[in-house]
Colleague: 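Can you read through this structure? Questions will come right after.
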Number of protein chains: 2
Amino acid sequence: MGMSNRPVTVDDVAKHAGVSTGTVSRVINNAPHVSGKARAAVERAIDQLGYVPNKTAQSLAGQRRGSVVLAISSDDPGLFANLFFAQVVTGVNAVVEETDLELQLVLAASDRGRARLSRIFRARAADGVMLLALKENDPLSALAESSGVPVVHGGRSLDSEPRYYVDADNRGGAREAVEYLISSGRRRIATITGGQDQHVGVARYLGYREAVVLAGLDDSRVAHADFSEAGGAAAMTSLLDRSPDLDAVFVASDAMAAGALSVLAARGIAVPSDVAVVGFNDIVTAQHTTPALTTVRQPIDALGREMTRMLLRLIDGDTPTSLILPTSLVVRESA
Amino acid sequence: MGMSNRPVTVDDVAKHAGVSTGTVSRVINNAPHVSGKARAAVERAIDQLGYVPNKTAQSLAGQRRGSVVLAISSDDPGLFANLFFAQVVTGVNAVVEETDLELQLVLAASDRGRARLSRIFRARAADGVMLLALKENDPLSALAESSGVPVVHGGRSLDSEPRYYVDADNRGGAREAVEYLISSGRRRIATITGGQDQHVGVARYLGYREAVVLAGLDDSRVAHADFSEAGGAAAMTSLLDRSPDLDAVFVASDAMAAGALSVLAARGIAVPSDVAVVGFNDIVTAQHTTPALTTVRQPIDALGREMTRMLLRLIDGDTPTSLILPTSLVVRESA
DNA sequence: TACAGTTTTGGAAGCGCTTCCAATTTTGGC
DNA sequence: GCCAAAATTGGAAGCGCTTCCAAAACTGTA
């Protein structure tokens, strides 16, 4: 059992099976043009010798890399980033696992990580790359494009729509959330937005406006924030000062919603009876806020899965179409 | 700029610089025995041609893989697992990034993942492997051992201590937590344990006993559970029924502590005035429980970092010693 | 200037596989 | 039982790099 020092090679297998290396290779890759007899002999030899193909050699000879990389460039060390990360990886892995590709991870927030990614593109050192949470206008995006390496983006950026991407339906989710508020009788609906320099920030704001305007309601109760809890609190304060009559607020992230809730609580405003609150993301703490937060959930593992499927198709030479994944409203107590 | 179809190779660089491929290789790997003149010429050529070495070819020729794998076999999809996961990866990446190794990820909870890992061992397809959260008595452990591939374990198992591992000081952390309870005047201290079929479960229980016995207190207030919130609740109930006089409880995980807290609240027992509660892990929700949970924090990213450092040393042929990382008590409101 | 010792260099032989081409064997139709 | 067509096979030529060895170019000293 593999006690020998020198690993078993195709030549050993060929010799042992009494065929040529070419035939062994054909069997390994179950290519056509192999007689049943030869195949059986080779398979027996492989078994007896405990042969495992050397992937490096396969790659070199076969002109493919045998690996895809998942690059995550979020430098946000926050809870959401972490969980998001883990779930995406899970989804990606589930699909990669079905192939015989390796999954390489690159955390591209640091300079070293970015350099690494750049090298991968320049050297075509992977069969494909999934790019997650790239900053707006990231130079890596252009490099990726020009390298010829298949690339799938997770999420979009404001400046330019990637050729291939998977994204959550941020606008639709926001719209649905607000429509829910409207259907439950709210009429003076405010919103706290995330950074308007990011696609998700804008998309969720647009979804809010769409719903509010369509219902013929006032869309002027807007406070811009930055996705942070503190920002959410500040925005809620400003909203309350400007429009004390509001009866609902759609908040573009759960973290901001948590900030908003604490301001509401501090002012003695009851949720949801006085003011209904809806968040976005469905982070874990959403269940633990007081009251538990009604929010919009993104299908994060599906995002990972679909990105990977798309990448595989791209590697196969297909031309997939970008995808927008539906969100779902999770109704708890706050609305 | 790389518009050519055929990628640039050492031969191109050699020709362009007027030297041999051997010399180019020596420059790339900055090996000795290269004149300044030759080095300069090669570097210029590399620059002008935009040459990036082909890692696959380097691996094949150099008899090294150029990659390490991080294998995670936890099939626990829970919050803690996710966050743990993300933090370990972050720590691992931080160290791997400093080398020119690639980081390959294998989720070994599924059969396919396990098969993949097995293949990696049998084919020596990585320079080293980090094994996280392997189940007790996992056959992969034996395979890893016999393969000759350097392996570092994260955490220990009950049945056999791995040759090289990094673990958190579960016993010490538990002991410190209980000593804190004692020092704040508690005398009738109970514990809710995690699964006693896992090393962490046993270690934390041992830490509890150590502290309690050393202080000459009664160590009989024990309820065994399974690290789950529901299990924690059930255990708390049983504890309260058996020993209504208890004035503190050390709970071996935050999830169980959350369950315990809800039981306490339901019975109208005030925390911490009537009963003090300490958890373990410092998951995010620990800050959001009512009251906020005092708990023991593990240095998870350090775990990742130290595992990686240890693996690198192993790959270099050194003989590191296993490591136990200190935990720290995070005092909040519940104790 | 010559010579032994040192450093640098070129070039070829792999690393373990795939793939192509030509050679061989098999097949099937008459 | 013969022949062309089809299927199978062996073997060699790479894939792009490292490394080893021998050859070449230096170095300094006598």
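For the numbers below, each heavy atom of this structure counts, side chains included, while hydrogens, waters and symmetry mates do not. To find a chain, count down the sequence lines: A is the first, B the second, and so on, and within it residues start at 1.
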Colleague: Using a cut-off of less than 4.0 Å, is there contact between a side-chain N or O of A/Ser25 and OP1 or OP2 of C/dT18?
Modeller: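 It does, given that an N or O in the side chain of A/Ser25 lies less than 4.0 Å from OP1 or OP2 of C/dT18.
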Colleague: Starting at NE2 of B/His33 and ending at C1' of D/dA23, how long is that distance when rounded to a whole Å?
Modeller: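 After rounding, the reported distance stands at 15 Å.
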Colleague: When you check the phosphate oxygens OP1 and OP2 of D/dC15, does a side-chain N or O of B/Thr56 lie under 4.0 Å from one of them?
Modeller: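 No, no such contact exists.
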Colleague: Applying side-chain contact (heavy atoms from CB on, under 4.5 Å) to B/Thr56 and A/Ser59, what does each step give before you reach the verdict?
Modeller: CA-CA 7 Å; B/Thr56 306; A/Ser59 299; 3.5 Å; yes
Colleague: Using a heavy-atom cut-off of under 4.0 Å over every strand shown, decide if B/Ser59 touches base, sugar-phosphate, or nothing.
Modeller: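 Answer is nothing: B/Ser59 stays at 4.0 Å or more from every strand.
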Colleague: Report yes if some heavy atom in the side chain of A/Leu132 is under 4.5 Å from a heavy atom in the side chain of A/Met307; otherwise report no.
Modeller: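 A side-chain contact under 4.5 Å exists here.
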Colleague: How many whole angstroms separate atom CG of B/Leu60 from atom P of C/dA13?
Modeller: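 From B/Leu60 CG to C/dA13 P: 18 Å.
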Colleague: Using atom types as modelled and distance alone, determine if a side-chain donor or acceptor of A/Ser118 lies under 3.5 Å from a backbone N or O of A/Arg114.
Modeller: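 Such a contact is absent between A/Ser118 side chain and A/Arg114 backbone.
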Colleague: Would you say A/Ser35 reaches D/dT9's phosphate, i.e. side-chain N/O to OP1/OP2 under 4.0 Å?
Modeller: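 For D/dT9, OP1 or OP2 has a side-chain N or O of A/Ser35 closer than 4.0 Å.
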Colleague: Once you round it to whole Å, what is the distance between C1' of C/dC17 and CD of A/Gln63?
Modeller: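 Answer to the nearest Å: 12 Å.
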Colleague: Can you check whether A/Gln58 has a side-chain N or O nearer than 4.0 Å to OP1 or OP2 of C/dT18?
Modeller: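 Yes, because at least one side-chain N or O of A/Gln58 sits under 4.0 Å from OP1 or OP2 of C/dT18.
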Colleague: Please give, in whole Å, the distance from D/dG16 C1' to A/Asn54 CG?
Modeller: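 Taking atom C1' of D/dG16 as the reference, CG of A/Asn54 is at 15 Å.
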Colleague: Rounded off to whole Å, could you give me the CZ-to-P distance for the A/Arg6 and C/dG14 pair?
Modeller: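 Nearest whole value for this atom pair: 14 Å.
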Colleague: Do any side-chain nitrogens or oxygens of B/Asn29 fall under 4.0 Å of OP1 or OP2 in D/dT18?
Modeller: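 Affirmative; the distance criterion is met.
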Colleague: If you find the nucleotide of DNA chain D closest to A/Val19 and the one closest to B/Pro53, which residue's nucleotide is nearer the 5' end?
Modeller: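 With A/Val19 and B/Pro53 compared, the 5'-side residue is A/Val19.
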Colleague: Please evaluate the base of D/dG10 for a donor-acceptor partner in the side chain of A/Arg26 within a cut-off of under 3.5 Å?
Modeller: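 Yes.
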Colleague: Using heavy-atom distances to pick each residue's nearest nucleotide on DNA chain D, tell me which of B/Ala61 and A/Ala38 is more 5'.
Modeller: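 Looking at the nearest nucleotide for each, A/Ala38 comes out on the 5' side.
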Colleague: Treating A/Asp127 as the side-chain partner and A/Gly66 as the backbone partner, does any N or O pair qualify as donor plus acceptor under 3.5 Å?
Modeller: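 Yes: the side chain of A/Asp127 pairs with the backbone of A/Gly66.
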Colleague: Please state how far atom CZ in B/Arg39 lies from atom C1' in C/dT8, giving the value in whole angstrom units.
Modeller: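 Roughly 12 Å, once rounded to whole Å.
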Colleague: Starting from the C-alpha separation in whole Å, work towards a yes-or-no answer on side-chain contact (heavy atoms from CB on, under 4.5 Å) for B/Leu325 and B/Val166.
Modeller: CA-CA 7 Å; B/Leu325 302 174; B/Val166 181; 3.7 Å; yes
Colleague: Over all strands shown, is B/Gly18 touching base, sugar-phosphate only, or nothing at heavy-atom distances under 4.0 angstrom?
Modeller: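 Sugar-phosphate, no base atom in range.
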Colleague: What's the CZ-C1' distance between A/Arg65 and D/dC17, to the nearest Å?
Modeller: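 Those two atoms, CZ and C1', are 12 Å apart.
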Colleague: In whole angstrom, what separates B/Asp11's CG from D/dG14's C1'?
Modeller: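 That distance rounds to 12 Å.
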Colleague: Give one of base, sugar-phosphate or nothing for B/Val34, where a contact means two heavy atoms less than 4.0 Å apart.
Modeller: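 B/Val34: backbone/sugar contact only, no base atoms under 4.0 Å.
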